[in-house]
Colleague: 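First the structure, then my questions, so here it is.
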2 protein chains.
Amino acid sequence: MAKALREPKTTAAQATARLRHAGLRPTRQRVELAGLLFQNGDRHVTAESLHDEVTTAGVKVSLATVYNTLHQFTEAGLLRQVIVDAARGYFDTNTGDHQHFFLEKEGLLIDIPGESIAVAGVPTPPAGLSVDRVDVVVRVRRN
Amino acid sequence: MAKALREPKTTAAQATARLRHAGLRPTRQRVELAGLLFQNGDRHVTAESLHDEVTTAGVKVSLATVYNTLHQFTEAGLLRQVIVDAARGYFDTNTGDHQHFFLEKEGLLIDIPGESIAVAGVPTPPAGLSVDRVDVVVRVRRN
DNA sequence: CAACGAATTAGAACGATTCTAAAGTGTGAG
DNA sequence: CTCACACTTTAGAATCGTTCTAATTCGTTG
Ligand SMILES: [Mn+2]
Ligand SMILES: [Mn+2]
Ligand SMILES: [Zn+2]
Ligand SMILES: [Zn+2]
């Protein structure tokens, strides 16, 4: 019972600790969003999908704050952006080295572990340029 | 001199032939745009960059027509789209198998020949999905 | 040289994202 | 514990790339 009482607090406490550690004030909105983003495994969200989710959960957060928060989390290294669609930006809670399957039709991203994929033969970039990262997007469709 | 006189016509004639071959009516606008796109080597354009270019060349074409034309050329297999930036769509006159360096800061795309790059270890997609294409984007920055 | 369907266009509309500026909130100095 | 103040949130406007609409213009074919 002590446990049952403590559990709801745990997610918020973890989120708060994570925010403090990242140098971000643990506001009500940021704690809620961090809770949704980080409490269960890796996730891929858009600003709108996360806003819908937090709203559905009964928490009032403006869309502008969702955008602000996603960008702040990204700057803080808690998220990374994934560019797969010209019309919509995705944010990824998995900041490690990995790649993606992308199901265009449904806007669905699926992780591919970084170790499993190898890109060979990338030429030396033109003079004056250096490689920042190599992104692989495996575009898939339903059979 | 016969040659000098014939040259300006050649580009338009080639563009017209290309359009007819693709089943597209060779309108003044499409001939102009095809001329700019296909007369010299491979190119990467955005709707806006191509519109600026055609406008600067003194030809009056609306931005809507540039969009329409880019999409029609893409459907006809004369162009392909490249997704590297969440805010802007690129079109590529190189429709063959190849990948890209992308210089985010300047919106510059540079081709990497398809044969030079190999992506190994792409897992079998989740059940019910099949691979459509594999895109590699090497993001680079100025030193 | 019509006549007709196809193409172009200006401008409105749209969807995603960013900005503005005003009101609200977390926090640390006292 | 309080409160001042910087930081944050917010509604709504603005912006940006792109698409749509509906009216005009043009290319083709008979
Ligand atoms: Mn957009
Ligand atoms: Mn866009
Ligand atoms: Zn991922
Ligand atoms: Zn290319």
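So that the names make sense, note that chain A is the first sequence line, chain B the second, and so on, each numbered from 1. Computation of the quantities below employed the complete heavy-atom set of this structure, encompassing side-chain atoms and omitting hydrogens, waters and symmetry-equivalent molecules.
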Colleague: What is the separation between atom CG on Leu63(B) and atom C1' on dC20(D), rounded to the nearest whole Å?
Modeller: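 So the two atoms are 13 Å apart, to the nearest Å.
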
Colleague: Of all the heavy-atom pairs spanning Pro125(A) and Val131(A), show the shortest one and how long it is.
Modeller: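 In this case the closest contact between Pro125(A) and Val131(A) is CG-CG2, 3.5 Å.
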
Colleague: What is the distance from CG of Asn68(A) to P of dT18(C), rounded to the nearest Å?
Modeller: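 The answer, rounded to whole Å, is 9 Å.
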
Colleague: Taking CG from Leu70(B) and P from dG17(D), how many angstroms apart are they, rounded to a whole number?
Modeller: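 So the two atoms are 15 Å apart, to the nearest Å.
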
Colleague: Looking at every strand, decide which applies to His71(A) at a 4.0 Å heavy-atom threshold: base, sugar-phosphate, or nothing.
Modeller: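 It contacts sugar-phosphate atoms only.
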
Colleague: Counting side-chain heavy atoms from CB outward, which of dG17(D), dT9(C), dT18(D) is closest to Ala64(B)?
Modeller: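 Side chain of Ala64(B) sits closest to dT9(C).
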
Colleague: Could I get a table of every N or O pair under 3.5 Å where one atom is in the protein and the other is in nucleotides 27-29 of chain D?
Modeller:
unit_1  : atom_1 : unit_2   : atom_2 : d
dG27(D) : O4'    : Arg25(B) : NH1    : 3.3
dT28(D) : OP1    : Arg20(B) : NH2    : 2.8

Colleague: In whole angstrom, give the distance that lies between atom NE2 of His51(B) and atom C1' of dT18(D).
Modeller: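 Result: 14 Å.
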
Colleague: Check the distance between dC26(D)'s C1' and Leu24(B)'s CG and give it to me in whole angstrom.
Modeller: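 Distance check: Leu24(B) CG to dC26(D) C1' gives 16 Å.
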
Colleague: Please determine whether a side-chain nitrogen or oxygen atom of Ser62(B) lies at a distance below 4.0 Å from atom OP1 or OP2 of dT8(C).
Modeller: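 No, Ser62(B) has no side-chain N/O under 4.0 Å of OP1/OP2 on dT8(C).
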
Colleague: Let me know the distance between CZ of Arg30(B) and C1' of dT25(D), rounded to the nearest Å.
Modeller: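 Result: 14 Å.
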
Colleague: Out of curiosity, does Val134(A) fall in the hydrophobic cluster containing Ile110(B) (side-chain heavy atoms, cut-off under 4.5 Å, transitive links)?
Modeller: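 They do share one cluster, since a chain of ILVMFWY contacts under 4.5 Å joins Ile110(B) to Val134(A).
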
Colleague: So, OP1 or OP2 of dA11(D): does either fall under 4.0 Å of a side-chain N or O from Lys60(A)?
Modeller: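 Result: yes.
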
Colleague: Kindly give the heavy-atom pair with the smallest separation between Arg80(B) and Asp135(B), and that separation in Å.
Modeller: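 Looking at all heavy atoms of both residues, the closest pair is NH2-OD1, 4.2 Å.
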
Colleague: Starting at atom CG of Leu19(A), determine the distance to atom P of dC7(D), rounded to an integer number of angstrom.
Modeller: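 Leu19(A) atom CG is separated from dC7(D) atom P by 17 Å.
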
Colleague: So if I take every side-chain heavy atom of Ala47(B) and compare against dT17(C), dT8(C), dT18(D), which nucleotide ends up nearest?
Modeller: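 Shortest atom-to-atom distance from the side chain points to dT18(D).
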
Colleague: Scan residues 44-64 of chain B for pairs that pass ring-ring contact (aromatic ring centres under 6.0 Å, His included), counting only residues two or more places apart or in two chains.
Modeller: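 Qualifying pairs, neighbours excluded: His44(B)-His100(B).
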
Colleague: Evaluate the criterion side chain to side chain contact (heavy atoms under 4.5 Å, CB included) for residue pair Leu103(A) and Leu129(B); output intermediate values, then yes/no.
Modeller: CA-CA 8 Å; Leu103(A) 190 43; Leu129(B) 301 178; 3.8 Å; yes

Colleague: As an exercise, state the distance from CG of Asp92(A) to CG of Leu78(A), rounded to the nearest 0.5 Å.
Modeller: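 Output value for this atom pair is 12.5 Å.
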
Colleague: Would you verify whether the NZ or CZ of Arg139(B) falls within 45 degrees of the ring axis of Phe101(B) while also being under 6.0 Å from that six-membered ring's centre?
Modeller: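 No; the conditions do not both hold, so Arg139(B) does not lie above the ring face of Phe101(B).
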
Colleague: In whole angstrom, give the distance that lies between atom CD of Gln72(B) and atom C1' of dA7(C).
Modeller: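 Interatomic distance, CD of Gln72(B) to C1' of dA7(C): 8 Å.
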
Colleague: Any side-chain N or O of Tyr67(B) below 4.0 angstrom from OP1/OP2 of dT18(D)?
Modeller: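 Tyr67(B) to dT18(D) OP1/OP2: side-chain N or O found under 4.0 Å.
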
